[in-house]
Amino acid sequence: DQSSEPVIIGARNNRVARLPLMKAVNDTRAVAKFTKAKEYEKAVQARGRSFGEMLALNEVMSTPPQQDELPEGARRVAIMHVGGLAPGMNTAARAAVRQGIDRGFEMLGIYGSFEGLMSGNVRQLAWEDVEGWGFDGGAELGTLRPIPRVEEYYAIGRALEEQRIDALIVIGGYNAYLSINQMRQETSRYPAFNIPMICIPASIDNNLPGSELSIGADSALNNAVWALDRIRESAAASRRCFVADAMGRHCGYLSLMSGIAAGAELVYLDENPYDLQDLASDVKMMRDSFRDGRRLCLVLHNEEAGGRYDREFIASVFAQESQGLFDVRHSALGHLQQGGEPSPFDRILATRLVRAAIQELSGQFAENRSEPLGVGLSAQGIETFPLLQMQQKVDPKVRRPLNQWWLPLVDIISVVSRDEWDIEVRPLPITDL
Ligand code: F6P
């Protein structure tokens, strides 16, 4: 009977996945069997598809090229950042340089986004130039937010031609995607834009089209939870409600995930509009709970959620309605969320996304194509999508994807923080392997 078959629950391609236990045990035993028989290739295969890919990738990233000379006619591929800072931008740039050189490309760094490109701040990047970049926060190439204005297109086109740039890799946030999307609609007037252009998602907001996760979001989450854990310790010493703002602009990913990880009782998101009645019922729940002995109520608010019902307003309502049962403090978690070294997850995500981008570039060069694409992580793995379809994937007013896979997780907050039995929980999809 299939329903009684033991299974293990794991994660695959950003989805919870179910796998028959005996199959997993047999596959794991097969690795030992192949290793013992010195059948190493089969052992690697038995470990799973991505294991083999990562092994090959590690080789490329850690072995300097055998020849210093570039192949004749090597394509010149330029890398730049556009948008707000995200930890892992450096890791992605380093990965692009090393994997690009491995494919025989000449790799160039554009320092200072589009402004840097227009002023000719472009330098060749050799394998050793990016040593150490993989593990540092910040962005060695610099990152600026401005989207080029139409009046700047001529200068950008000239710069692309003068630098003989054959392809662009843009590692950045929403403005990076918008910039490339807009520029590509002008190829008939600016033929220099007709080169392969690939966007790689890097934003702590995790609000980019075509990718369920963007580089930097995991590091920001770690930073936010680190700060919330400290707030939790300090606040639990008295009877206190603490309202914290997480970054993300209109996208609630960081707020919700850090709320879940830090054990928040309430999370206010732009995706889930709330009104005065909601605040009144939440503060009533809080009063009941403090009356029953609660010492801390942690509340997460997404920085741009609720319009005028912002963090300060929510904190004022709670303070006014606390009836002396608890006090209220509030603050923004602030720029610590953007800083620090990229987390191991972000480093690996960056390396894998770049791998797909470089592979795609090789294909486009070989077939003489020049398609603008975004790469991303989906439920199916790492995929690309045509950047000109961006408009169909996002809500431009709030600059976030129309479908956000993580939204059903909102229910978890209510389940763990409320003493009620009738909370409806939306099921999360589980992949059968
Ligand atoms: O878009 C990335 C982001 O970190 C947002 O989450 C945040 O609101 C904003 O940038 C902060 O911008 P700045 O670093 O310019 O203050």
Side-chain angles (χ1 to χ4, degrees), residues 80-92 112-115 136-147 170-181 199-228 243-259 261-262 267-271 300-312 314 330-343 346 349-350 374 376 390 393-401 404 406:
M80 73 168 157
H81 302 307
V82 177
L85 181 68
M89 280 181 153
N90 271 335
T91 321
S113 307
F114 284 106
E115 208 178 289
D136 296 337
E140 293 283 334
L141 295 175
T143 183
L144 299 173
R145 286 207 168 90
I147 299 171
V170 189
I171 304 159
Y174 202 89
N175 283 3
Y177 282 65
L178 272 185
S179 305
I180 301 299
N181 192 289
C199 286
I200 297 183
S203 167
I204 68 163
D205 301 349
N206 200 29
N207 63 338
L208 299 174
S211 197
E212 295 196 346
L213 290 173
S214 52
I215 301 164
D218 183 67
S219 309
L221 185 55
N222 281 301
N223 295 338
V225 174
W226 177 89
L228 288 168
V243 187
D245 254 2
M247 280 183 169
R249 295 182 191 265
H250 287 279
C251 176
Y253 178 81
L254 254 188
S255 308
L256 176 65
M257 293 304 188
S258 55
V267 176
Y268 294 104
L269 305 181
D270 199 54
E271 288 86 348
L300 257 291
H301 173 258
N302 169 211
E303 59 181 359
E304 306 217 357
R308 287 176 190 233
Y309 300 164
D310 58 7
R311 181 187 87 235
E312 282 92 347
I314 293 173
H330 66 91
S331 82
L333 296 179
H335 286 81
L336 65 83
Q337 292 162 96
Q338 290 179 354
E341 296 154 357
S343 66
D346 273 336
L349 179 66
M390 169 176 175
K393 290 182 181 282
V394 293
D395 179 344
K397 273 208 272 3
V398 283
R399 295 165 56 105
R400 64 178 183 235
Q404 302 192 99
W406 47 268

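First listed ligand is number 1; within each ligand, the first listed atom is number 1.
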Angle class for the Y253/W406 ring planes (parallel below 30°, perpendicular above 60°, tilted otherwise)?
perpendicular
Does any part of the side chain of L254, heavy atoms only, come nearer than 4.5 Å to the side chain of N206, both counted from C-beta?
no
Strictly by modelled atom types, are R311 and N302 linked by a side-chain donor-acceptor pair under 3.5 Å?
no
Of C251, S214, P401, the one forming a side chain to side chain contact (heavy atoms under 4.5 Å, CB included) with L208 is S214
If we only count heavy atoms from C-beta on, is the R399 to H250 side-chain gap below 4.5 Å?
no
Tell me the residues surrounding ligand 1, counting only those with a heavy atom closer than 4.0 angstrom, sorted by chain and number.
R145, I204, D205, M247, G248, R249, E303, H335, Q338
Is any NZ, NE, NH1 or NH2 atom of the basic residue among D270 and R400 found under 4.0 Å from an Asp or Glu carboxylate oxygen of the other?
yes
